[in-house]
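We number each residue from 1, following the sequence as shown.
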Amino acid sequence: MSLVTDASDKPTLYKRIRADIEKRILTGEWPPGHRIPFEHELVARYGCSRMTVNKALSELAQADLIERRRRAGSFVRRPQHQSAVLKIADIRAEITALGRGYGYELISRKLRAATAADRERLGVKKAGKVIAISCRHSADKVPFAVEDRLIDLSSVPSAASADFSREPPGSWLLHHVPWTEAEHTISAIVADDRAAEALDIAVGSPCLVIDRYTWRSARTITAVRLLYPGDSHRLVARFKGG
């Protein structure tokens, strides 16, 4: 029995294949659920052995960027809801599901070098760029929530060209960027002048706060704070015993 090797089967080749596929995923060219070309198609495209393609796909699967299904192929991984209390909801879809008219207003969008406060909030050490977004969601023209979000461009480079004046950042991220882990922190505050004006409520009114962080394989994608009027929102979780 002889082992057939491919002259192009060099470590740098499988890394190039992996980088190419990863770029297509992270830029949103291949969105969550998209089928990756079959192994024989990748072999033909890159002119390499099946072993080289398999190694690249295996590393992408280990990085939680794709999922491999027997006989069906490989697919860009869809987000997995991992919180027992809350799933990551699309506010636009949530309001629409209530039968109310959805409204969206981009208050500010800034692309900048990450400040020390930005890096601390995102939990990153290296200098880089972020997009800082402030926006407001409404239901039947009544303020529903205000959103303060940071997106790490080293993890989501395609966010730099996304039109957040037309599409809410949360909706865009859910449809374009796969994630593997999320954390919610729920708290309550009283509205200061800024929050009261944004939500059209009285200063000192109770507000529900959800701070959310999402990661992909330990790399931070985004940090967001959602502020809701406390008298019109509540969180409900139902559990069954094992």
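Put simply, the side chain of Asp148 never gets that close to the backbone of Ser134: no donor and acceptor are under 3.5 Å apart. Distance alone, capped at 3.5 Å, is enough to place a donor-acceptor pair between the Asp152 side chain and the Ser154 backbone. In this structure, Arg119 contributes its side chain and Ala114 its backbone to a donor-acceptor pair below 3.5 Å. A side-chain donor-acceptor contact under 3.5 Å links Asp118 to the backbone of Thr115. Using a distance-only test at 3.5 Å, with no hydrogens or angles considered, no donor-acceptor pair links the side chain of Arg77 to the main chain of Pro178. Side-chain atoms of Ser171 never come within 3.5 Å of backbone atoms of Ile91 as a donor-acceptor pair (strictly under, hydrogens ignored).
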Fill in: Stepwise side-chain contact (heavy atoms from CB on, under 4.5 Å) test for Val156 and Ser158
CA-CA 6 Å; Val156 194; Ser158 56; 4.0 Å; yes
Item to complete: Please test Glu22 against Glu59 for side-chain contact (heavy atoms from CB on, under 4.5 Å), starting from the C-alpha separation and ending with a verdict.
Response: CA-CA 10 Å; Glu22 184 172 6; Glu59 288 199 358; over 6 Å; no
Worksheet item: Given Asp20 and Arg24, is the salt bridge (Lys or Arg N to Asp or Glu O under 4.0 Å) satisfied, shown in steps?
Response: CA-CA 6 Å; Asp20 186 29; Arg24 292 173 187 269; 3.6 Å; yes
Discussion item. Applying side chain to side chain donor-acceptor pair (under 3.5 Å) to Ser155 and Arg216, what does each step give before you reach the verdict?
Written reply: CA-CA 8 Å; Ser155 296; Arg216 180 179 55 250; 5.0 Å; no
Discussion item. Before you tell me yes or no, could you show the steps for Lys55 and Leu13 under side-chain contact (heavy atoms from CB on, under 4.5 Å), namely the whole-Å CA-CA distance, both residues' side-chain angles and the distance that decides it to 0.1 Å?
Written reply: CA-CA 10 Å; Lys55 186 172 183 180; Leu13 180 55; over 6 Å; no
Discussion item. Set out, in order, the CA-CA distance, both residues' side-chain angles and the distance that settles side-chain contact (heavy atoms from CB on, under 4.5 Å) for Glu94 and His137, then state yes or no.
Written reply: CA-CA 11 Å; Glu94 182 181 356; His137 307 269; over 6 Å; no
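A salt bridge does not link Glu147 to Arg212: none of the charged side-chain nitrogens sits closer than 4.0 Å to a carboxylate oxygen.
Residues Trp179 and Trp215 fall into different hydrophobic clusters, defined by Ile, Leu, Val, Met, Phe, Trp and Tyr side chains chained together at heavy-atom separations under 4.5 Å. Both Trp30 and Val53 are assigned to one and the same hydrophobic cluster, defined by single-linkage of ILVMFWY side chains at heavy-atom distances under 4.5 Å. Placement of Ile36 and Leu60 within a single hydrophobic cluster is found when ILVMFWY residues are connected by side-chain heavy-atom separations under 4.5 Å, directly or transitively. Connection of Phe144 to Tyr104 is established within a shared hydrophobic cluster, with ILVMFWY side chains joined at heavy-atom distances below 4.5 Å, either directly or through further cluster members. Hydrophobic cluster membership differs between Val146 and Val190, with clusters built from Ile, Leu, Val, Met, Phe, Trp and Tyr side chains linked at under 4.5 angstrom.
Between Ile21 and Leu65 the shortest side-chain heavy-atom distance does not fall below 4.5 Å. At a threshold of 4.5 Å between non-hydrogen side-chain atoms, the residues Glu29 and His34 do not count as touching.
Other residues sharing a hydrophobic cluster with Val203 under the 4.5 Å side-chain heavy-atom criterion for ILVMFWY residues do not exist; the residue is a singleton. Think of Leu150 as one node in a network of Ile, Leu, Val, Met, Phe, Trp and Tyr side chains linked at under 4.5 Å; its network also takes in Leu122, Val124, Val130.
The only member of Val224, Ile151, Thr214 that meets side-chain contact (heavy atoms from CB on, under 4.5 Å) when paired with Leu173 is Ile151.
Side-chain contact check for Arg109 and Ser165: no donor-acceptor pair (N or O, by modelled atom type) lies under 3.5 Å.
Annotation: cation-pi pair Arg16/Tyr46 absent, no NZ/CZ under 6.0 Å from the ring centroid and within 45° of its normal.
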Throw together a table of side-chain donor-acceptor distances under 3.5 angstrom for residues 194-202, partners on residues two or more places apart or in other chains.
none

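In this structure, Glu105 places its CD atom where more than 12 heavy-atom neighbours from other residues, nucleotides or ligands lie under 6.0 Å away.
Across all their heavy atoms, Gly73 and Phe38 have their closest contact at CA-CE2, 4.0 Å.
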